[in-house]
Every structure is written in C-alpha cells, then in structure tokens.
Asker: 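This is the structure I want to talk about, given as structure tokens.
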Amino acid sequence: MNRHRVVALLHPPQSPFELACAAEVFGTVRQDVPVHYDFRICAEHPGSLRTTLGYAMVVDAGLAALEDADTVLVPGWQPPGAPVPPAVLEALRAAHRRGARIVAICTGAFVLAQAGLLNGRRATTHWRRTAQLAAAFPEVRVDLDVLYVDHGDVATSAGSGAGIDLCLHLVRSDHGAAYAARIARHMVLPPHREGSQLQYATQPAPARADESLAPLLEWATARLDTRLTLGRLAAHAGLSSRTLARRFTEQLGTSPGQWLLGRRLDAARVLLEQTDLPVEAIATRVGLASAVNLRRRFRAALGTTPGAYRRAFGETLEG
C-alpha cells in the first residue's frame, strides 16, 4: 500500500512546537501501529534554518518536495502576516491545483490566505491573531472560537495544541477512528476533540478540582448503551441541569447533548471498523436505539452511511 506523503513547509524562524505537532502524528513510527504516512520537511531555501528557540535545524529539501506531496502542511509562520515569498505562494497554489490537501497550523493560516486558498471560506488561527487575519483578509470568513476548520482540500487550526487536534482529525478522515485513537493513545491524549469546540474557556475552568467534568465524562462514556438524559447526567454530577449545561459550555464549548452524540458516533465508528456486527446491533450498543436513527445521525455528521464507512475503513487496522 502506498503511504500518504505529508510534507511540512518550514520558514525561519520556525516554531519547533507546531512542527512537532505534525511530526508526532504523521512522522513517528510506533510499535504495533501500521505506518500509513511518510513525513518530511522542506523550505524555500534548504540548509540551516533558524527556529524561534534560537537553535537551527537542517532542512534537506526545497520546494520541489511539494510536487508529489499528498498533504502540504504549514506549521505556523513567523511573523504572522509578513509577506510570503512569491515562489512559496505559487508552490502552494500548484500543489492545491493538482489535488494535494493544504493544511495550516496556527499562524500558517496567514500563508494560505495570501495564496488565495481561503477566499470565501471559513478559517481559523490562534485566538490572539483572529482579528489580524480578518482585517488583513476580509474575503476570509474567520471563525474566532473553533479548534479547527476542515474543508477537505484545505484545513486550518487554532493555535498550538489545536494543531494536534487537527492532525488527529485528518488521520481519522484518512484511516478511521480506531487507527487515530491508537495514535492518540500513544501520545497520551484524548482520541478526538470536535473542531467546533471553543479554543479556550470563557472563564478559568475549572476553578476547583471538583468542578471538572472529567469524572462525569468517563462515567458517561462507559454507559453509552444506556439512556443518558441531561437529568441523569446532572443527577450523577450532583448538579442542576442548568449548571451542568453551563459547565459543558465553559469547559468543552458544546452542549451535553452534542457531546454525547459525538461519543456515540465515535463508538459506532470503532465498532464498524473492528467488528462485523449488524448496524442494528451497533446502534443498540452505542445508545442510538435503532439502525434508522444511527444511519440518519451518521449521514448528518459524516456525510456517509454506516455501510459505506465500514467498506472504506473496515480493514484499516490490518498490518
């Protein structure tokens, strides 16, 4: 099987963290996890390249590396909004024209905007830079709060850690939820955060350890096959329904119902990938009651049917 080629386009001074977000997801070989990606770096001018931490890294490839990339990734760009060299912009446009996926982490969105790849589209960047991006590129619909935005051919993420969320999301899109969960588990991270979640909490959250939703989320995830109403969740947490809904918004940027639906669909995806259970049985196991309901929810969230998803990803985990 041909591996998916991911090429990160670097620029001095390069932030090592944003680069590491992509390298850890796409470039790290893990024991007992099939390798589906080849990862490399390039720059307009190969050779020694400064980083934001003061040391230099060696980049051995130039822009020609983008010519056979399946995904081109811009892991931040400093300073944000600075003019991007014309050769870089043309290389990105050419990669996009031939069908490569173009991805930006954090301030890399400014590069995609200068290339015209975000015109008329939603996009995001670090929350401290969203106003700057919107002012500089009024043709881009800047989303101030989300973790990432994925259009299929072009994707952007918010700052820093949201880049990991976007990369794991792309792995899920390429190879299924179970494979992405295995990578996340090796990274000691939650397997998935929805792109629509807030970049940061509206209040410092939680103010006290006993306000964290983590114990409730773990409890609910272990009981997806049961009826989990807002009232039952609130009763288990010892809170009123209104207070619980507020904490979900503050800590997760979503409602209890939307969070729960996401977990049910995640569980359904894994069962479709790893078992041959009938769709009706899967719907029961994940708490969606019927195959009709699962199909409707699945199509609304993922744009496909459970059967088509199983055909695409059912053998993802085979070595």
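This structure is a prediction, so every number in the text was calculated from the model and none was measured.
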Asker: Any donor-acceptor pair under 3.5 Å linking the side chain of N293 with the backbone of L288?
Answerer: yes
Asker: To the nearest 0.5 Å, what is the distance between CD (E250) and CG (L213)?
Answerer: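 Spacing of CD (E250) from CG (L213) equals 9.0 Å.
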Asker: With a sphere of 6.0 Å drawn around CZ of R285, does it hold more than 12 non-hydrogen atoms of other residues, nucleotides or ligands?
Answerer: no
Asker: Nearest 0.5 angstrom please: T156 OG1 to L166 CG, how far?
Answerer: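 If I round to the nearest 0.5 Å, the distance is 7.5 Å.
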Asker: Count I, L, V, M, F, W, Y as connected when their side-chain heavy atoms are under 4.5 Å apart, and connections chain through other members. Are F17 and L189 then in the same cluster?
Answerer: no
Asker: Which residues end up grouped with L53 if you chain together Ile, Leu, Val, Met, Phe, Trp and Tyr wherever their side-chain heavy atoms are less than 4.5 Å apart?
Answerer: Y55
Asker: I need the minimum non-hydrogen distance between A65 and C42, along with the two atoms involved.
Answerer: CB-CB, 3.9 Å
Asker: Output all residues satisfying ring-ring contact (aromatic ring centres under 6.0 Å, His included) with H96, sequence neighbours left out; order by chain, then residue number.
Answerer: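 Residues passing ring-ring contact (aromatic ring centres under 6.0 Å, His included) with H96: none at all.
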Asker: When rounded to the nearest 0.5 angstrom, what is the spacing between NE2 in H4 and CG in D70?
Answerer: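 Reported to 0.5 Å precision, the distance equals 4.5 Å.
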Asker: Taking all non-hydrogen atoms of both residues, which atom of T125 and which atom of C106 are closest, and how far apart?
Answerer: OG1-O, 2.8 Å
Asker: Check this for me: H186, atom NE2, are more than 12 non-hydrogen atoms of other residues, nucleotides or ligands nearer than 6.0 Å?
Answerer: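 More than 12 heavy atoms, drawn from other residues, nucleotides or ligands, come within 6.0 Å of this atom.
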Asker: Taking R122 for the side chain and H151 for the main chain, is one N or O donor matched with an acceptor at less than 3.5 Å?
Answerer: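 No.
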Asker: With a 4.5 Å cut-off on side-chain heavy-atom distances among I, L, V, M, F, W and Y, is there a chain of contacts connecting M187 to Y148?
Answerer: yes
Asker: Indicate the ring-plane relationship of H36 and H175, choosing parallel, tilted or perpendicular according to the 30° and 60° boundaries.
Answerer: parallel
Asker: Can you run down the salt bridge (Lys or Arg N to Asp or Glu O under 4.0 Å) pairs that involve residues 100-117, sequence neighbours left out, and say none if there aren't any?
Answerer: R101-D174
Asker: Measure up the Y309 and F313 rings against each other and bin them: parallel (under 30°), tilted (30 to 60°), perpendicular (over 60°).
Answerer: tilted
Asker: Would you indicate whether the side-chain heavy atoms of V171 and Y37 approach each other to under 4.5 Å?
Answerer: yes
Asker: Which heavy atom of A268 sits nearest to which heavy atom of V286, and what is that distance?
Answerer: N-CG1, 3.6 Å
Asker: So which heavy atom on W219 is nearest to which on R232, and how close?
Answerer: CH2-NE, 3.7 Å
Asker: Do F39 and L170 land in one hydrophobic cluster if side-chain heavy atoms of ILVMFWY residues count as linked below 4.5 Å?
Answerer: yes
Asker: Could you work out, with side chain to side chain donor-acceptor pair (under 3.5 Å) as the rule, every residue matching R121, not counting sequence neighbours?
Answerer: D153
Asker: Donor-acceptor pairs under 3.5 Å, side chain of residues 80-94 to any protein atom, not counting sequence neighbours: which ones?
Answerer:
unit_1: E90; atom_1: OE2; unit_2: R97; atom_2: NH2; d: 2.7
unit_1: R93; atom_1: NE; unit_2: A115; atom_2: O; d: 2.9

Asker: Do L117 and L66 belong together in a cluster built from hydrophobic side chains that touch within less than 4.5 Å?
Answerer: yes
Asker: Quick one: CZ on F298 to CG on L265, what's the gap to the nearest 0.5 Å?
Answerer: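 Interatomic distance, F298 CZ to L265 CG, rounded to 0.5 Å: 7.0 Å.
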Asker: First locate atom CD of E273, then atom CZ of R269, and finally report the distance between them rounded to the nearest 0.5 Å.
Answerer: 7.0 Å
Asker: Taking only residues at least two apart or on different chains, which pairs with a member in residues 8-33 satisfy salt bridge (Lys or Arg N to Asp or Glu O under 4.0 Å)?
Answerer: E24-R30
Asker: Test side-chain contact (heavy atoms from CB on, under 4.5 Å) on D145 and W127 and set out the steps.
Answerer: CA-CA 7 Å; D145 294 322; W127 61 270; over 6 Å; no
Asker: Mind running side-chain contact (heavy atoms from CB on, under 4.5 Å) on L216 and L244 for me, showing each step along the way?
Answerer: CA-CA 10 Å; L216 175 65; L244 181 63; 3.6 Å; yes
Asker: Using every non-hydrogen atom in the two residues, find where V279 and A291 come nearest and quote the distance to one decimal.
Answerer: CG1-CB, 3.9 Å
Asker: Might you point out which heavy atoms bring A162 and L147 nearest each other, and give the distance in Å?
Answerer: CB-O, 3.6 Å
Asker: Is the number of heavy atoms from other residues, nucleotides or ligands within 6.0 Å of CD (E139) greater than 12?
Answerer: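 Yes, CD of E139 has more than 12 neighbouring heavy atoms, counting only those of other groups under 6.0 Å.
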Asker: Give, for atom CG of L260 and atom CZ of R223, the distance between the pair rounded to the nearest 0.5 Å.
Answerer: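 So the gap between those two atoms works out to 13.0 Å.
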